[in-house]
Every structure is written in C-alpha cells, then in structure tokens.
Amino acid sequence: METLIKHKKENQIKEIQGNVCAPVGFMASGMHAGFKKKRKDLALIYSKKLSSTASVYTQNKVKGAPILVTKAHSINGRAQAIICNSGNANTCNANGEEIANEVCVLVGDALKIKKEDVLVASTGVIGQPLSIEPFKDGMNDLVEQLDEEDGSEAAQAILTTDTDIKEYAVEFELENATVRLGGISKGSGMIHPNMATMLGFITTDLAIEPELLQLTLKEVVKDTFNMISVDGDTSTNDMVTILANGEAGNQLIQSEEEPALQVFKEALYLVCKELAIAIAEDGEGASTLITCNVLESADELQAKAVAKQVISSSLVKTAVYGRDANVGRLLCAIGYSDADFNYHNLDIYLRSENYQSICVCEEGSTVSFDEAKAFEILGTDRLSIDIYLYEGKSQATAWGCDLTYDYIKINSAYRT
C-alpha cells in the first residue's frame with residue numbers, strides 16, 4: 001500500500017489541519033464527567049446527517065460490552081453518533097451491556113436520533129463496575145459543547161495512559177468534489193491489535209455504500225493498526241470505527257471497480273497509518289519509535305510476519321532501549337516468525353531518521369561494524385530496522401517501540 005501511495009501525484013492527497021471535525025457536517029466534544037479524577041473522560045462525535053458506518057473489532061475472545069452493542073447497532077451499516085468514555089473499559093461487568101445500551105438511549109434522546117444510530121466505546125480499567133450516573137449528569141453539557149471547528153477536546157477525552165492526543169486529517173479531489181477524511185486515536189499500552197487498550201474513530205464526508213466502506217476499512221486496518229505492537233497484549237476493547245456522511249457531494253461509490261474507491265482507500269491508509277504510528281510512538285514509557293521494513297520478500301504475508309515479529313520481540317525492544325546492536329536478538333525474532341525463508345540470504349541494516357545507516361548482518365551472519373555508530377543510531381527517537389530477504393519483490397512495514405523501566409512502573413500501578 002505504501003509503495004502505491006508514493007507513485008501518486010503529491011498534490012492528490014494532502015495533509016490538512018484537524019481531525020474528526022475536518023470533514024463537513026461533523027461535530028465533536030469532550031469533557032470531564034467523573035470516570036477519572038481530573039482529566040477529560042467523555043467524548044462525543046456527531047454527524048448532522050445519518051452516515052454509512054463500518055467497524056473492525058478486537059479478536060480477543062473476552063470483549064467489552066460496548067463492542068457487543070456497537071456490533072448490534074451497526075448491522076444496517078448506518079450510524080450518526082459515537083460516544084466513548086475513558087477510565088473504565090466496561091468489560092467483565094454483569095450489567096455491562098445494560099449500561100452500554102442505556103448510554104445509547106441517553107445520547108439518542110439528547111440528540112433526538114434513534115438509539116440504534118448511536119455507537120458506543122469504552123476504554124480503561126477492565127473489571128471495574130461502571131455507573132450510568134456520570135453519563136446522565138454529563139450528557140446535556142456534552143451535547144451543548146458540540147463544536148464543528150475543533151475535535152481536540154474529544155481526542156483528549158478518549159485517552160488513558162497516553163501522553164498526548166493523536167489526530168490526523170487529509171483532503172483529496174473526486175470529480176468536482178473536495179473530500180475530507182480525519183481521525184483520532186488512543187492507545188499507549190496493552191497494544192498488539194489483531195482486529196482488527198486502542199481505539200480509532202474516523203470521519204469522512206465521502207458518499208459511499210456501507211458494504212464497500214466495511215471492505216475498505218478492513219483491508220486498510222490490516223496494513224496499519226494491525227501492524228503495530230507496544231507490549232504484545234491484545235485488548236478486550238480494540239475498535240476502529242468510521243462514519244461517512246456523504247456531505248462532500250461526490251457521486252456515491254457503489255462498486256469496487258470505481259477509480260474513486262482506490263483514491264479513498266489510499267487516503268484512508270494515510271490517516272490510519274499516521275494514527276497507528278502515533279500509538280506506537282506513544283507506547284507506555286517508550287523513548288524510541290521502531291519501524292521495521294521487510295524488503296524483497298517472496299510475498300506480503302511473509303514480509304508482514306517477519307516485520308510484526310521483530311517489533312513485538314521483548315528482547316529486541318529492550319536491546320533498542322539499551323542501545324545494544326544485538327544481531328542475535330534480531331535473527332532470533334525473525335527466525336521464530338511464521339514466515340518460511342532462507343536466513344542465509346538475509347541482510348539487516350540499522351538506520352536513523354537522518355539516514356545514517358549501518359549493516360549489522362550479511363547473508364545471515366553478523367559482520368564487523370562500527371559499534372559507536374550503531375550506538376548513536378540506536379539512540380535516536382526514530383529507529384528503522386531494514387531487513388532484506390532477497391526472495392521476491394514484496395514488502396511490509398510494522399511499527400513498535402522500545403521497552404523501558406517506565407513501562408513496568410506505569411503498569412504496576414495502573415489501577416491506582
């Protein structure tokens with residue numbers, strides 16, 4: 001997907017300021033309702049018009065109650081609002097679905113829309129009782145604060161251990177219409193998505209049939225959110241949801257053969273990729289974003305298996321934190337991936353953002369290299385690990401982060 005993007009005209013899809021409020025017809029708000037002690041913890045995203053919707057969910061067998069309710073409400077492919085609280089995941093609670101359904105009723109009544117057109121999400125501590133009262137007490141203010149100019153309040157309200165908001169938006173031309181696409185995400189720990197604790201909410205003013213929206217989202221998530229890992233734990237509440245309200249005025253996309261769908265897919269990829277990278281970079285306690293590029297592989301599945309395994313390896317992650325160019329750890333992680341390959345052919349390079357590069361492995365064996373230069377490269381904020389398999393023309397990229405002492409500190413006291 002990324003290779004395809006690079007061949008497109010630079011001005012076809014361009015980054016713009018904003019997030020879920022960048023597309024026409026969307027509003028958002030965020031407030032402190034009392035799920036957490038101080039920070040904002042209740043977000044609302046609203047489309048003035050009923051929208052096509054699609055979602056991709058966690059594959060964890062233990063699922064949060066909001067996912068079950070959102071799945072039920074999404075059956076017809078239509079929705080108009082998303083509400084999300086942080087601080088409590090509403091998972092493993094006896095009355096979890098009852099609470100999630102009641103939240104949708106509250107939103108529906110306040111916005112004068114059907115409760116079935118409301119999607120619900122939660123993130124935070126698992127197994128903690130959740131009260132409906134903060135939703136009731138905060139709903140009027142949450143609706144009154146809806147704003148179409150800035151969705152940053154909503155982006156703030158969905159965070160848990162995140163250190164900052166995650167947002168991205170683009171625009172592109174379709175026929176004579178300008179289409180906008182924007183999103184927000186959260187995630188810092190318990191990040192090893194397989195959908196597909198992480199959430200992604202995306203909006204667009206594109207006109208598209210729900211079935212095609214679902215197919216496109218699912219395909220893009222495989223190359224973006226499902227290619228990140230912070231700690232190897234897949235949350236019970238992972239969800240990526242998109243609303244498309246058609247306000248851009250483009251001709252309705254109804255077929256996979258339409259060129260407009262490919263342009264939209266590329267734009268969606270860019271937004272999801274940036275939101276996913278922001279999650280990996282903000283991993284709990286992390287100091288380095290790790291990008292693993294697997295190149296010249298036999299096929300995409302082989303490349304993905306290797307890339308994801310490398311950025312998921314605890315030993316690789318700790319070696320990066322210690323600035324130790326430990327080739328054995330890299331080869332070990334590559335070797336226990338599900339990919340079939342001849343390791344005697346592979347080369348490995350370490351590269352920093354300023355394009356300093358050093359070869360640490362040739363034809364499957366460690367080579368003599370400048371340890372001081374490797375130490376310098378490993379100490380950058382953004383490290384790339386480039387692995388050449390020399391078996392074909394496919395490639396894949398995965399994103400992760402180093403594993404530090406602070407990760408232990410944060411998670412040892414998560415409930416307190």
Task: Exam field: side chain Thr380 to backbone Leu378, donor-acceptor pair closer than 3.5 Å - done: no
- [ ] State whether the side chain of Asp41 and the backbone N or O of Lys36 hold a donor-acceptor pair below 3.5 Å, judged by distance alone.
- [x] yes
Open item on the list: According to salt bridge (charged side-chain N to carboxylate O under 4.0 Å, His left out), who are the partners of Arg382, at least two apart in sequence or on a separate chain?
Closed with: Glu281
Open item on the list: Glu353: which residues meet the side chain to side chain donor-acceptor pair (under 3.5 Å) condition with it, sequence neighbours left out?
Closed with: none
Open item on the list: Among residues at least two apart in sequence or on other chains, which ones pass side chain to side chain contact (heavy atoms under 4.5 Å, CB included) with Glu376?
Closed with: Gln356
TODO: Decide whether a cation-pi geometry holds between Lys63 and Tyr57; the criteria are a distance under 6.0 Å from NZ or CZ to the six-membered ring centre and an angle within 45° of the ring axis.
DONE: no
Task: Shortest non-hydrogen contact between Val56 and Lys218, atoms and distance - done: CG2-CA, 4.0 Å
- [ ] Using a strict 4.0 Å threshold on nitrogen-to-oxygen distance, state whether Glu148 and Lys48 make a salt bridge.
- [x] yes
Task: Contact list for residues 374-395, test ring-ring contact (aromatic ring centres under 6.0 Å, His included), sequence neighbours left out - done: Tyr349-Tyr388, Tyr388-Tyr390
Open item on the list: Once side chain to side chain contact (heavy atoms under 4.5 Å, CB included) is applied, do any residues pair with Ala54, and if so which ones, sequence neighbours excluded?
Closed with: Leu213, Gln214, Leu217, Ile242
- [ ] Sequence neighbours left out, what passes salt bridge (charged side-chain N to carboxylate O under 4.0 Å, His left out) with Glu391? Give chain and number order.
- [x] none
Open item on the list: For Asp402, is there any backbone N or O sitting under 3.5 Å from a side-chain donor or acceptor partner on Thr288?
Closed with: no
- [ ] Compute whether any side-chain donor of one residue and acceptor of the other, for Asp406 and Thr404, lie under 3.5 angstrom apart.
- [x] no
Open item on the list: Distance check, rounded to the nearest 0.5 Å: Met31 atom CE versus Asp137 atom CG?
Closed with: 8.5 Å
Open item on the list: With heavy-atom distances below 4.5 Å as the criterion, would you say the side chains of Phe172 and Lys14 are in contact?
Closed with: no
Task: CD-CD distance between Glu296 and Gln395, expressed to the nearest 0.5 angstrom - done: 9.0 Å
Open item on the list: Under the side chain to side chain contact (heavy atoms under 4.5 Å, CB included) test against Leu119, which residue among Ser74, Cys104, Cys84 passes?
Closed with: Ser74
Open item on the list: With no hydrogens and no angle check, just 3.5 Å: does a side-chain donor-acceptor pair link Arg78 and Thr53?
Closed with: no
Open item on the list: Taking side chain to side chain contact (heavy atoms under 4.5 Å, CB included) as the definition, give me every residue that meets it alongside Asn93, ordered by chain and number, with sequence neighbours left out.
Closed with: Asn88, Asn90, Asn95, Leu130
Task: Heavy-atom closest contact (Gly151 atom, Ala28 atom, distance) - done: CA-CB, 4.1 Å
Open item on the list: Tell me if the CD atom of Gln17 is crowded by more than 12 foreign heavy atoms within 6.0 Å.
Closed with: no
Task: Identified side chain to side chain contact (heavy atoms under 4.5 Å, CB included) counterpart of Leu268 within the set Thr204, Thr216, Val170 - done: Thr216
TODO: Report the C-alpha separation of Ile83 and Leu142 in whole Å, then their side-chain angles, then the decisive distance to 0.1 Å, and conclude whether the side-chain contact (heavy atoms from CB on, under 4.5 Å) test is met.
DONE: CA-CA 10 Å; Ile83 186 165; Leu142 190 66; 4.1 Å; yes
Open item on the list: I want to check something: taking the side chain as every heavy atom from C-beta on, are Ile279 and Lys166 in contact at a cut-off of under 4.5 Å?
Closed with: yes
Task: Distance-only donor-acceptor check, side chains Lys186 and Thr123, under 3.5 Å - done: yes
Enumerate donor-acceptor pairs with a distance under 3.5 Å from any side-chain N or O in residues 329-340 to protein atoms, sequence neighbours excluded.
residue	atom	partner	partner atom	Å
Arg329	NH1	Leu315	O	2.9
Arg329	NH1	Thr318	OG1	3.2
Ser337	OG	Ile334	O	2.8
Ser337	OG	Ala339	N	3.4

Task: Donor on one side chain, acceptor on other, Ser51 and Ser47, under 3.5 Å - done: yes
Give the table of side-chain donor-acceptor pairs shorter than 3.5 Å for residues 364-374, with sequence neighbours excluded, one pair per line with atom names and distance.
residue	atom	partner	partner atom	Å
Asp370	OD1	Ala372	N	3.0
Asp370	OD1	Lys373	N	3.1
Lys373	NZ	Ser357	O	3.1

Open item on the list: Taking ring-ring contact (aromatic ring centres under 6.0 Å, His included) as the definition, give me every residue that meets it alongside Tyr321, ordered by chain and number, with sequence neighbours left out.
Closed with: Tyr405
Task: Contacts of Ser55 that satisfy side chain to side chain donor-acceptor pair (under 3.5 Å) - sequence neighbours left out - done: Thr241
TODO: Kindly compute the distance separating CG (Leu275) from CG (Leu199), expressed to the nearest 0.5 Å.
DONE: 12.0 Å
Open item on the list: Salt bridge check, Lys273 against Asp223: does any charged N sit closer than 4.0 Å to a carboxylate O?
Closed with: no
- [ ] For Asn85 and Ser122, test the side chains for any donor-to-acceptor distance below 3.5 angstrom and give the result as yes or no.
- [x] yes
Task: From CD1 (Ile158) to NZ (Lys40), nearest 0.5 Å - done: 13.5 Å
TODO: Indicate whether any N or O donor in one side chain lies under 3.5 Å from an N or O acceptor in the other, for Thr178 and Glu171.
DONE: no
Task: Ion pair check, Glu219 and Lys265, cut-off under 4.0 Å - done: yes
Task: Donor-acceptor under 3.5 Å (Glu258 side chain, Ser255 main chain) - done: yes
TODO: For Asp299 and Ser394, test the side chains for any donor-to-acceptor distance below 3.5 angstrom and give the result as yes or no.
DONE: no
Task: Tyr168 side chain near Asn19 side chain, heavy-atom distance below 4.5 Å - done: no
TODO: Assess the side chains of Asp117 and Gln80: does a donor N or O sit below 3.5 Å from an acceptor N or O?
DONE: no
TODO: Identify, with sequence neighbours excluded, every residue that meets ring-ring contact (aromatic ring centres under 6.0 Å, His included) alongside Phe135.
DONE: Phe35
Task: Polar contact flag, side-chain donor to acceptor under 3.5 angstrom, Ser131-Glu133 - done: no
Open item on the list: For a quick check under 3.5 Å, do Asp386 and Asn293 share a side-chain donor-acceptor pair by atom type?
Closed with: yes
